[in-house]
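Reviewing the structure listed below.
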Amino acid sequence: MKIEGRALKYGDNINTDEIIPGVYLNITDGKELAKHCMEPIDKDFLRKVKERNILVAGKNFGCGSSREHAPIALKGAGVSFIIAASFARIFFRNALNIGLPIVECREAAQEIRDNDRLIIDWVEGKIQNLAKKESYSVVPFPPFLQELIRQGGLEKYIKNRMRQKKNA
């Protein structure tokens, strides 16, 4: 599966309180959470993400509190993919659980510039930077995770699997 878009770049150690401040944790709807996404560090995030849907960050993205609200807010805002040098472990799992594809690639995170045009084939494990005419390789997700992401996350994946077993 391929995702195309432009890079929206941030630095290291972006924490979950910066992605979605704790005051909004009583909201569960992704579109409502999106209205406050990244507001502590980038007041123009929602405007920018409409044009640049691939978030690129440095190391330790999603550190801090273990809240699924952070990837839900990013996905609700229109982020279609996240590339980072590294992720906090719980953010990584939460993102996959809600069907937001993410990948660690230190080289890509360092080399990609804000607004670079990218094509990501997360099934094959390739990131193309059309602006710089560079490619980066990553380990592709195993088939079951690819299917989980395709179906929109863990909850939908499990419901579909249960439905299939019931109809078998």
Side-chain angles (χ1 to χ4, degrees), residues 1-16 18-20 30-31 33-34 37-39 41-64 68-154 156-157 160:
M1 183 169 197
K2 292 184 181 181
I3 294 174
E4 293 188 43
R6 294 198 179 276
L8 180 54
K9 189 153 184 185
Y10 293 93
D12 296 337
N13 301 309
I14 304 296
N15 68 57
T16 53
E18 292 169 322
I19 297 169
I20 188 69
K31 294 294 181 193
L33 283 169
C37 192
M38 305 290 269
E39 70 183 18
I41 60 171
D42 187 351
K43 298 283 187 205
D44 293 326
F45 176 77
L46 282 179
R47 181 186 56 78
K48 291 176 183 176
V49 80
K50 288 179 182 171
E51 299 168 357
R52 294 176 270 171
N53 60 316
I54 300 170
L55 199 142
V56 179
K59 61 185 178 198
N60 204 25
F61 186 83
C63 58
E68 67 269 2
H69 293 74
I72 290 170
L74 290 165
K75 188 175 180 182
V79 172
S80 61
F81 200 95
I82 304 175
I83 301 166
S86 64
F87 291 94
R89 191 182 80 216
I90 192 71
F91 180 90
F92 187 89
R93 192 64 227 179
N94 283 337
L96 294 177
N97 283 344
I98 63 132
L100 178 60
I102 63 177
V103 69
E104 288 185 349
C105 184
R106 187 172 307 277
E107 181 185 11
Q110 289 173 346
E111 297 298 323
I112 294 170
R113 297 174 303 214
D114 195 49
N115 210 33
D116 280 356
R117 184 119 188 104
L118 307 174
I119 299 174
I120 302 163
D121 186 333
W122 52 272
V123 172
E124 295 295 321
K126 296 190 187 313
I127 301 169
Q128 289 181 281
N129 185 336
L130 301 179
K132 295 179 87 176
K133 296 180 174 66
E134 294 178 347
S135 295
Y136 318 98
S137 294
V138 297
V139 176
F141 292 121
F144 85 92
L145 274 181
Q146 291 177 22
E147 189 57 30
L148 185 144
I149 293 166
R150 243 186 241 108
Q151 290 187 28
L154 183 60
K156 291 177 184 175
Y157 177 81
N160 287 335

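Below, each value reflects all heavy atoms present in this structure, side chains not excepted, and no hydrogens, waters or symmetry copies. Along the sequence shown, the residues carry numbers beginning at 1. None of these values were measured; they are calculated from a predicted model.
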Next on the checklist: Looking at every heavy atom in both Ala77 and Ala34, which two are closest together, and how far apart are they?
Outcome noted: N-CB, 3.4 Å

Result block: side-chain N/O donor-acceptor pairs under 3.5 angstrom for residues 136-150, not counting sequence neighbours:
from, atom 1, to, atom 2, distance (Å)
Tyr136, OH, Glu134, OE1, 2.5
Gln146, NE2, Phe141, O, 2.6
Glu147, OE1, Arg150, NH1, 3.1
Glu147, OE2, Gln151, NE2, 2.7

Item to check | Asp121: partners by salt bridge (Lys or Arg N to Asp or Glu O under 4.0 Å), with sequence neighbours left out | outcome: none

Checklist outcome for this item: The side-chain hydrogen bond (donor to acceptor under 3.5 Å, both in side chains) partners of Asp114 (sequence neighbours excluded) come to Arg52

Checklist entry - Out of Asn15, Asp12, Asn13, which residue meets the side chain to side chain donor-acceptor pair (under 3.5 Å) rule with Asn60? => result Asn13

Checklist entry - So does Lys59 have more than 12 non-hydrogen atoms from other groups sitting under 6.0 Å from NZ? => result no

Checklist entry - Considering residues at least two apart in sequence or located in another chain, which fulfil the side-chain hydrogen bond (donor to acceptor under 3.5 Å, both in side chains) criterion with Arg6? => result none

Item to check | Pairing of Glu4 and Arg117 as salt bridge, 4.0 angstrom limit | outcome: yes

Next on the checklist: So, using salt bridge (Lys or Arg N to Asp or Glu O under 4.0 Å) as the criterion, who are the partners of Lys48 when residues are at least two apart?
Outcome noted: Asp42

Next on the checklist: Distance check, rounded to the nearest 0.5 Å: Ile19 atom CD1 versus Phe61 atom CZ?
Outcome noted: 3.5 Å

Next on the checklist: So, using side-chain hydrogen bond (donor to acceptor under 3.5 Å, both in side chains) as the criterion, who are the partners of Lys132 when residues are at least two apart?
Outcome noted: Glu111

Checklist entry - Please, which pairs that meet side-chain hydrogen bond (donor to acceptor under 3.5 Å, both in side chains) have at least one residue in residues 73-87, sequence neighbours excluded? => result Asn53-Ser80

Item to check | Partners meeting side-chain hydrogen bond (donor to acceptor under 3.5 Å, both in side chains) with Glu68 (sequence neighbours left out) | outcome: none

Expected list for residues 88-96: side-chain donor-acceptor pairs under 3.5 angstrom, two or more places apart:
from, atom 1, to, atom 2, distance (Å)
Arg93, NE, Asn97, OD1, 3.3
Arg93, NH2, Asn97, OD1, 3.0
Asn94, ND2, Ile90, O, 3.4

Checklist entry - Side chains of Ile82 and Tyr10: does their closest heavy-atom pair fall under 4.5 Å? => result no

Checklist entry - Any side-chain heavy atom of Asp116 within less than 4.5 Å of one from Val56? => result no

